[in-house]
Structures are given as C-alpha cells and as structure tokens.
S.K.: 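Take this structure first; my questions come after.
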Amino acid sequence: MLQHLLNGLTVGSIYALVALGYTLVYGILKFINFAHGDVLMIGTYVALMVFKGLKSFIEIPFAFGIAVLAGMLSSALLGVVIERLAYRPLRHAPRLAPLISAIGVSVILSNSAALIFGTKSQRFDMPFNNTPIHCGSLVVTPYQGLILITAFVMMALLHVFIKTTRTGKAMRASSENPLVAELMGVDTDRMIRFTFIWGSALGAIAGILVSLDYKVYPTLGSLIGLKAFIAAVVGGIGNISGAMLGGLLLGVLETYGVAVLGIPVGYKDTVAFVLLIIILLVRPSGLLGSNKRDKV
Amino acid sequence: MSSFILLLGIYFGIYALLALGQNLITGKTGLLSLCQAAFMAIGAYTTAILLSRHPHLSFVYVGVWVILSGAIFGLLIGIPTLRLKGDYLAIASLGFGEIVKNVLLNADTLTGGPMGISLPIKSFDKGLFLGMVWLVVCLVLLGLIQLQRSHWGRGLEAIREDELAAQSVGLNTPLYKGAAFMIGAAISAMAGMLWALYHGSAIPQTFDSTLSIMVLCMVVLGGLGNYYGSLFGTMVIVVISELPRLLGFSAIIPAAVNQILFGIILVSLVILRQKKS
Amino acid sequence: MTLLSTHRLHKDFGGIVAVNDLDLNIEKGFITGIIGPNGAGKTTSFNCMTGLDVPTSGQVIFNDIDITGLPTYRINRLGIARTFQNLRLFKEMTVFENVRVAKHRTSSAGNLQKDSGLWLEKLGLWTYRDERAKDLPYGLQKRLEIARAMATNPKLLFLDEPAAGLNQTETQEIMELIRSFRDSGLTVVVIEHDMHLIMNLCQHITVLNFGQKIAEGSPESVRNDPQVIEAYLGKEDHAAR
C-alpha cells in the first residue's frame, strides 16, 4: 500500500511540475497555454542532444547537469518567444482567439520535432546507477528519489520566489488584477514573461525526468500536458498550491486505480479524464480554486 | 486521373460535413469543442458494428442509428460542458476524444481492438458514391442555413455573444447548447458512416485528435460562423493534405509538413483577423 | 400591493458577505430606487433576484411564486427583465436582431418581425436597426439594452445604473422613458448613483450599506435620514472634536 503511494507521488510530482506551468500562465493571462506540453518536449530534446554530445568528453553527472540547464533555458526562451509572437497580439481578442492560436503553436512544435529529430523515440541513458534500495518493505529507486527531491526543491524555490522577492510579489499582483498592477507601476509584459520562463523551465525539468525512464519522442508533451492540465484544473486553475495538490492527487489515483482497483492498464489514462469530468461537475472551480465569476 | 478527382471530391464532401458540424458548435454557438474525430468515430463504428452483424440492413436504417448515436454522444459531451467556460470545454472535449479512442482500442469484443472492423460490403462505384456524399452535404447545408434563419439560430448566436445576457432575455441556454452539440455531433457521425462505407472498414487510428485539429483549421480558415466559408476552408485543406498523398508524393513530403502548415495557418489567421478588426 | 419581496436574503462569497439578511418589498406600479455606497450589495441583490447569483439563504417571492435560485431564463419568463451595469449587448448582432431574439417568446411567429420593429420605433432606435450593436454610440447602446429587456414583456424591470456614463440630455431622456414605462403599468427598480435621477424619479427609495437595509421611504425622508448621511459622508466625529 505504502509502495503504491510512493509510486503515485513520484508520478504525481511530475504532473505537478507541469501543472504549475499551466496555472502560472492561466493566473495572469486567463487562458490555457495549449502549447505548454510541446514547449517542454522541445526542452527535453535539447537536453538529450546536449547530453549525448557531452557525455563522452566530461564526466557523466556534469554532462547531465549541463544538459538539464540547457533544456530549461531553451524551453524558457521558447516560451517567451511564443508568448511574444503568438499570444501577445491576441491579448484583447475574444476568448477563442488565443486558444486557437495556442493549438496552432502546439501543432507546429510537435511536428517540427518530428521533422527535425525523427518520429523514432530515443533513449536518454540513466546518468547514474539505478539499483533499487530496500528500506524495509519499501523499494525506492534512486530515479524515484531524484524525481521527488527535484520536484520538491523546484516547488520550494518557486514558492520562495513568489512569496518573498519583489518580482514574485509583482507577479501575484498582476495575476490578481493586471490593470491595477499596471497602474501601480508593475510592468505586466515583464511579469507575463516571467510566468512563461518559470512555467517552461519547470516543464522542461519534468520532461527530462520522465524521459530518463521512458524515452524522448515528439508527442511526449501532449499526453503529459493533458494530464498535467487536468491536475491543474482539479486543484483549481490559477492556484499554485492547487496545481501541486492536483498533480500529486492525480498521480496517486492513477497508480491506485491500476494497482488496487484493477483497472486495466489500457484504460489507465481514462482515470484522469473521468476524474476531470467529475471534478468539473461537482466543483467547477477545482479543489482550491476560488469561486470568482465575471462581474456583471 | 478522373478516378483521382472523384476520390478528392469524396474526401472533400466527408470533411466538409465535419467542418459544418464544427462550425455550428464553434462558429455559431461559440463553444470550442475539439472532438469531431470522436463523433466521426461513433458514426463509423455504429455503421461497422451494425453492418458486420446484419449485412443486409438498408443504409437508410443504419443512417438513422448513426444519427441517433451521434446525437446521444454529442449530448454526453455536451452535458458536462453546459456548466463549463470556454477553455475548460476545449480540454474536456479533448479528453472525451481520448476516452473514445481508448475504448475503441481496448474493447476488443465490440470494436475489434487496434485492427478495427471490416465491413462485409462490396466497394462502391466512385461516381455514385460521390453523388451520395454530396447529396448528404447539400441536405445538411440546407438544414443549417434554415436553422440559422430561425429563432433557434439567432438564439445560438446570442449565446455566443453573451451567455448571461441571453439567459436574461429568457433563452433556455442549456437547451440551446445541448442541441447545438447534438446536431453538430450527428452531422459528424454521418461523415463517419460515409467514411466507413467508402473504406469498407473502421480503424481506430483514423480518428486521431490531429483530425479534430485539422477540422478546426478548416473552419477557422473559412471564417467562424460562415458555412460557405467552411466549404472553402475544407477544399483548401483537403487539397493541401490529400493531394501529395494521392499523387504518391507522401514519401517525399512527410505528413509533419502538412501539420506544420495547418499550425501556421491557425496562428497567422487568428492574428491577422484580430489586427483587421 | 407587493409585486416582489425578499425575506432574509443572504449572499456571501467565500466568507465575504455581500447581502446580509435583506428584506425588500417592491410595490406594484411604482419606481423604486436602490441606493448606497459602492460595495453596499446593490448589484448582488439584483443578481440574486434575477437568478444570476444563487442566494446563500433566504427567499425571493415574485407574484406569490417562490423564485429563489431559479435559473435566469425561467425568472425572465415569469416576468422579470433586467439591464446590466456594464453593457451586455449581443455586440456582433444588429440592433434589430438584439430585440428580435428577446421578443421571440412574447410574439407569435407572424407578428415577430412587426412587433420588433414597433419596439425599435418606440424607443427611437428604428433608424439604427441594421447597425451592429457595438457600432452604436454609448448612449444608444444603453437605450438598446433597455429595449431588449422590455421586449420580453416584463412585469418588473430592474435597471442597473441606467444613467451611468450618459450626459444630461441623455439622462433626461432615459428618465422620461422610465416614467412612460411606469405610466403604462410597469414596475421598475433602479440602482443609480445619480441622486438627481433617483430623487426625481422614484416614489420609494431603499438605502443599502454593507449588504443591509439602513433606511427606506419617500425621497424626502431618505434625504434627511441621519443614518443615510452617515453612510455617505462617514461619521462626523471630527466635528464633535
């Protein structure tokens, strides 16, 4: 039982990292960045390329570290460029417009990856010895440990950034009310850039972590993106703690669904969608979301 | 060559149905749903399951069932979304599409799993089939235009413009939105039936979410809310996507290039239209 | 005779109380004004009475029917129409279509076209019938929203700040319009910050503050009520000092 919980939390913390990207952007722009999953996929590819290029020259852990940084940077950069080109012109457009644009960006990215890197999935060799460690009845792989620790550290960093730094506070102000924040001298464009940088970089880490065990392929981002989005909605979109909670919850439920309830593996992904529909019906604003409506 | 043109015409007609259904839901009513492929799959599998078990059923009888099952599934996705705002709906409908595909792949006894179902019918004469497809397209188009001119059509537009205000003048908005979903899904299901009849089979891979996005692209290209525009958008996209494949160029131009092109069309059109207004 | 009443109407948003145990009586055939400082709960109480918000507790009775928590469209069909503080027109539709959509339920199919036209004429919007609603000047947009609400043949009309953003002439015209509605038997409730309009138009005024009713009565009595003065100007303890 405890073992399933641990496995669930591992998967869940990946969802949480990606969910943060959706929630940060939604908080400030009030729209779903459909391309988020594909942005993190590109970052993962960049990390893979850098890792492959470096690992024969320098020590493997170093190469991996540099690869992760490169992946984060490229995702962050990509996120900022996409915001500038495809979303900013539509900031005052009807609701559907940025959504359609984001879908377009998503299609462009995933297919460009297929064109450049090929549709065949590629392995990301574990940069460390992954022999499981037994603690009593519990089995933990170093890989799981890495995921849990990284996710925890990154979320803590984000938390500290948002709660204590000037920029973080300004970010919160902008997501509360962009217009008023702007009147108070907050540069909204800059804040939006920051949300894209944070979201995309966290996403890239999640993508790299996932692909250590699985593989890297062009549609890597779409399923994990969809799941993470569901996690964000379940937790209450726009709410940062909600994204973390929703991610962990979804991971645990999926693991339990297969391992305990005996849901066939083929239907594993269905668990998430059913959960989404139930949550949306019972609590449309998510577990921690506030029940705000347009002012009339 | 002529057989090739006929084939292009058949594809054009089937995709046009999908685009018309999408335009009713998204262009007219303002609901961004992304599961035309799933609705199409419902139609195709209804046809395949009925005909593979009872090969002598008349097409009209099968068609009635296709429309009914399409409408029911449309309502199924429509109901939860009656309470959802625009962007949630987009995701929920994507999720619905994934569920449908999952079921098609895994419920082997009913759907034949990844291999799909073959139909025990002989292949059609292309010219005849083309006529059949376009007869359906014309009927649907006529119906939609009639709807647009009716009070119902104006009600849908009012909901697109401002749902709260529409309620405040007495429009039963859940009913309207549910109806839009049912009709749009039923139209797509008919497209699925035609597809299954023409290919003599129903295979899960056909009904991928990339298809739904392609359909959205057709509607955006032709202009949201404009039915004739949807036909135009469909024609352009069908020519772009099917021509290389039918001419045997697909080995040279990978499918990804088409998809990238669709993406660019979506982004640039939305931005250009915004700049104009 | 009371047309609409609320009993201990209460609405809170996650702990923030917007309407607090409100008892209102709207008399048939009168123009009632609801005033109060910003955030007093005026619009939220409108929303609770028209189904846009579901009250946390309490009741809304209209024409002896309990309409608490009914969906907005059902309430409209029972005879309550409203306008919005920030215009909510069907922007891309024409002026004519805006009215026709609303008129549909109250006109037979054959008369729909004619009746919608008559309405537009009555409100001086006929010349603009083919313009898109969003292309109208602001004053006419406000007028169109009233026309749209009236096209549903209400017994009771809620107007949320009908004069906000209008110049003096336009305000005067809106006042004339509201009076003519009253004279034809309609009951009207107005939220407004323009005291000139409120004092000249309303027979009965209810004053809200912090979601509660702090005064009601004729314009004269409300104007001189010390609690109302305090709500608007703040406690004058500096004078006492």
Side-chain angles (χ1 to χ4, degrees), chain A residues 26 30-32 34-35 82 85-116 119 218-219 222-223 226-227 229-230 232-233 237 264-270 272-274 276-278 280-281 284 293-294 296, chain B residues 26-27 30-32 34 77 79-81 83-92 94-99 101-103 105-107 113 160 164-165 168 209-210 212-214 216-217 219-220 224 254-275 277:
Chain A
Y26 192 93
K30 300 286 175 280
F31 102 104
I32 296 168
F34 254 93
I82 289 169
L85 294 182
Y87 303 156
R88 196 178 298 177
L90 298 171
R91 218 176 277 165
H92 303 288
R95 278 189 89 95
L96 281 189
L99 216 52
I100 292 173
S101 184
I103 291 168
V105 172
S106 158
V107 173
I108 295 173
L109 291 182
S110 61
N111 287 287
S112 303
L115 214 55
I116 298 168
T119 45
T219 49
S222 52
L223 188 61
L226 202 53
K227 295 269 194 71
F229 172 77
I230 291 171
V233 172
I237 193 144
V265 181
Y267 287 113
K268 191 187 107 193
D269 299 335
T270 315
F273 299 120
V274 172
L276 171 76
I277 290 171
I278 293 172
L280 287 178
L281 285 180
R293 210 202 42 215
D294 307 348
V296 287
Chain B
T26 307
L31 304 164
L32 183 52
L34 285 173
I77 176 71
I79 287 173
T81 62
R83 299 178 49 172
L84 300 184
K85 280 188 297 182
D87 13 17
Y88 288 92
L89 167 58
I91 294 286
L94 261 184
F96 174 77
E98 291 297 319
I99 293 178
K101 216 178 120 188
N102 259 325
V103 172
L105 281 170
N106 290 294
R160 179 190 68 198
L164 273 182
S168 82
S209 60
T210 52
S212 299
I213 287 169
M214 188 167 106
L216 177 70
C217 191
V219 174
V220 172
L224 285 168
V257 174
N258 276 334
Q259 293 287 329
I260 293 173
L261 193 61
F262 296 157
I264 294 172
I265 291 176
L266 281 177
V267 177
S268 48
L269 273 178
V270 179
I271 292 176
L272 281 178
R273 293 227 167 99
Q274 174 64 16
K275 286 212 172 121
S277 69

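All chains are named by letter (A, B, ...) in the order of the sequence lines, taking the proteins before the strands, and each is independently numbered beginning at 1. Note that this is a predicted model, so its numbers are computed, not measured. Values below: all heavy atoms of this structure, side chains included; hydrogens, waters and symmetry mates excluded.
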S.K.: Taking side chain to side chain contact (heavy atoms under 4.5 Å, CB included) as the test, write out the residues that go with Gln259(B), two or more places apart.
M.R.: Val107(A), Asn111(A), Thr210(B), Phe262(B)
S.K.: Heavy-atom distances under 4.5 Å only: say whether Leu109(A) touches chain B with side chain, backbone, both or neither.
M.R.: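 No part of Leu109(A) comes within 4.5 Å of chain B.
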S.K.: Grab the two heavy atoms, one from Ala93(A) and one from Gln274(B), that are nearest each other, plus how far apart they are.
M.R.: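 Distance-wise, the nearest heavy atoms are CB-OE1, 3.1 Å.
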S.K.: Report the residues that fulfil side chain to side chain donor-acceptor pair (under 3.5 Å) with Ser110(A), sequence neighbours left out, ordered by chain and then residue number.
M.R.: none
S.K.: Rounded to the nearest 0.5 Å, how far does CG of Leu32(B) lie from CD1 of Ile100(A)?
M.R.: 6.0 Å
S.K.: What's the spacing between Leu266(B) CG and Leu99(A) CG if we round to 0.5 Å?
M.R.: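 Atom-to-atom, Leu266(B):CG and Leu99(A):CG are 11.0 Å apart.
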S.K.: What part of Leu34(B) lies closer than 4.5 angstrom to a heavy atom of chain A: side chain, backbone, both or neither?
M.R.: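 The side chain, not the backbone.
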S.K.: Roughly how far apart are Ile260(B) CD1 and Leu115(A) CG, rounded to 0.5 Å?
M.R.: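 Answer for the CD1-CG pair, Ile260(B) versus Leu115(A), is 5.0 Å.
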S.K.: At a heavy-atom separation under 4.5 Å, does Ile264(B) approach chain A through its side chain, its backbone, both, or neither?
M.R.: both
S.K.: Identify which part of Ile213(B) has an atom lying under 4.5 Å from any heavy atom of chain A, answering side chain, backbone, both or neither.
M.R.: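 For Ile213(B), side-chain heavy atoms alone lie under 4.5 Å from chain A.
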S.K.: So Phe34(A) and Leu94(B), side chain to side chain contact (heavy atoms under 4.5 Å, CB included) or not? Walk me through it.
M.R.: CA-CA 11 Å; Phe34(A) 254 93; Leu94(B) 261 184; 3.4 Å; yes
S.K.: Provide the closest heavy-atom pair for Ile271(B) versus Leu85(A) in the form atom of the first, atom of the second, distance.
M.R.: CD1-O, 3.4 Å
S.K.: Go through the atoms of Ile32(A) and report whether side chain, backbone, both or neither lie under 4.5 Å from a heavy atom of chain B.
M.R.: both
